Amino acid sequence: MQSELFERNVPGMTEKLQAATVGIAGCGGLGSNIAVALVRAGVGRLIISDFDVIEASNLNRQHYFQKDIGRFKVEALTDHLLAINPEVKIIAHNLKLDSENTPKLYSHVDIMVEAFDKAESKQWLIETWLSVYPDICIVCGNGLSGVGDTASLKLRRLDNLVICGDGLTEMTEGLCSARVAIAANMEAHAVIGLLMGLEEL
Amino acid sequence: MSQTITVNGDLLEWTEGMSVSDVLALKKYTFKMLVVKIDGQLIKKAIWPETVIPAGATVQVIHLMSGG
């Protein structure tokens, strides 16, 4: 079943991804789409966290459905991920992450992914992560709001800090499904490249 | 000859005792949500005022935007 699932993967990719554990902080527009991309690609184990419940307004960009409204995001997302690959290991934490609990909950990841919405949260996570685990790469989303200007969505690598987005747009401009998904998939793609040991992400 | 540092790719004149906070003020980076790295090492916001930048350093400042 597993081998058939990843039959169309890039050669050499499946073995490396199956052996990997990836942490994702936040299961919203970035996190839910990143998790789906990573499970489809063959990542063996995900650690996900969020404290929120799904609202109708999430459905314009997040990987949830009408029937999920009112459910906890981590619970619904776990179901959707297992529906793609029943053999993937999902460790789900239904709680609010902070600088105290995050290093403990994500102590066994190969790569960390920032998928929060608020800039304040992005800042404490990057600061906490690179202080506690300076050798484990963190991939972040930064600037993915509004619509248009696709070419401004870029990946920037600063050693163990990888940043995906335009670095400019704010969520007050509104959030468009396709643009958020580009940034999310750019983050997921960076994770896959890192797990494969690529020099150019 | 004056010494310099590089801030997000731009050259800036270096002065003895120059802190991260000084550089952010000089560059007019008044945005609240920033991440700062000096020669690849992350510098926490709490210690920007007392962190002195060495001559020749490469400083990277990332502006964090909300949205996700």
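The structure displayed is predicted, hence computed values, not measured ones.
- When the candidates A:Asn33, A:Ile126, A:Leu175, A:Val180 are compared by the number of heavy-atom contacts under 4.5 Å with chain B, A:Ile126 comes out ahead.
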Given B:Lys44 and A:Ser131, is the side-chain contact (heavy atoms from CB on, under 4.5 Å) satisfied, shown in steps? CA-CA 8 Å; B:Lys44 281 188 164 188; A:Ser131 303; 3.0 Å; yes
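- With a 4.5 Å cut-off on non-hydrogen atoms, A:Ile163 touches chain B through its side chain but not through its backbone.
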Run A:Thr169 and B:Met65 through side-chain contact (heavy atoms from CB on, under 4.5 Å) and show every step you take. CA-CA 7 Å; A:Thr169 53; B:Met65 315 307 288; 6.0 Å; no
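- If you measure heavy-atom distances from A:Asp166 to chain B, you find no contacts under 4.5 Å at all.
- Every pair tested for side-chain hydrogen bond (donor to acceptor under 3.5 Å, both in side chains) that includes a residue from residues 186-201 of chain A fails, sequence neighbours excluded, so the list is empty.
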Take B:Ile62 and A:Leu161 through the test side-chain contact (heavy atoms from CB on, under 4.5 Å) and record every step on the way to the result. CA-CA 11 Å; B:Ile62 301 126; A:Leu161 173 61; 3.8 Å; yes
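- Counting non-hydrogen atoms of other residues, nucleotides and ligands closer than 6.0 Å to NZ of B:Lys27 gives a total above 12.
- Heavy-atom contacts from other residues, nucleotides or ligands closer than 6.0 Å to CD of A:Gln66 number 12 or fewer.
- With a 4.5 Å cut-off on non-hydrogen atoms, A:Leu144 touches chain B through its side chain but not through its backbone.
- Heavy atoms of other residues, nucleotides or ligands lying less than 6.0 angstrom from NZ of A:Lys67 number more than 12.
- Enclosure of atom CZ in A:Arg40 is not indicated, since only 12 or fewer non-hydrogen atoms of other residues, nucleotides or ligands lie within 6.0 angstrom.
- Listed options A:Gly28, A:Gly167, A:Gly141, A:Ser145 were ranked by heavy-atom pairs under 4.5 angstrom with chain B; first place goes to A:Gly167.
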Evaluate the side-chain contact (heavy atoms from CB on, under 4.5 Å) criterion for residues A:Gln123 and B:Lys45: first the C-alpha distance (whole Å), next the side-chain angles of each, then the deciding distance (0.1 Å), finally the verdict. CA-CA 9 Å; A:Gln123 185 183 45; B:Lys45 190 174 188 173; 3.7 Å; yes
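- Contact check for B:Val35 versus A:Leu158: no side-chain heavy atoms found under the 4.5 Å cut-off.
- For A:Tyr133, the OH atom is densely surrounded, since the number of other residues' heavy atoms within 6.0 Å is greater than 12.
- The side chain to side chain donor-acceptor pair (under 3.5 Å) test applied to B:Asp39 returns no partner, not counting sequence neighbours.
- Most heavy-atom pairs under 4.5 Å with chain A, from the set B:Lys32, B:Gln41, B:Gln60: that is B:Gln60.
- A:Glu170 contributes a side-chain N or O that, together with a main-chain N or O of B:Ser66, makes up a donor-acceptor pair within less than 3.5 Å.
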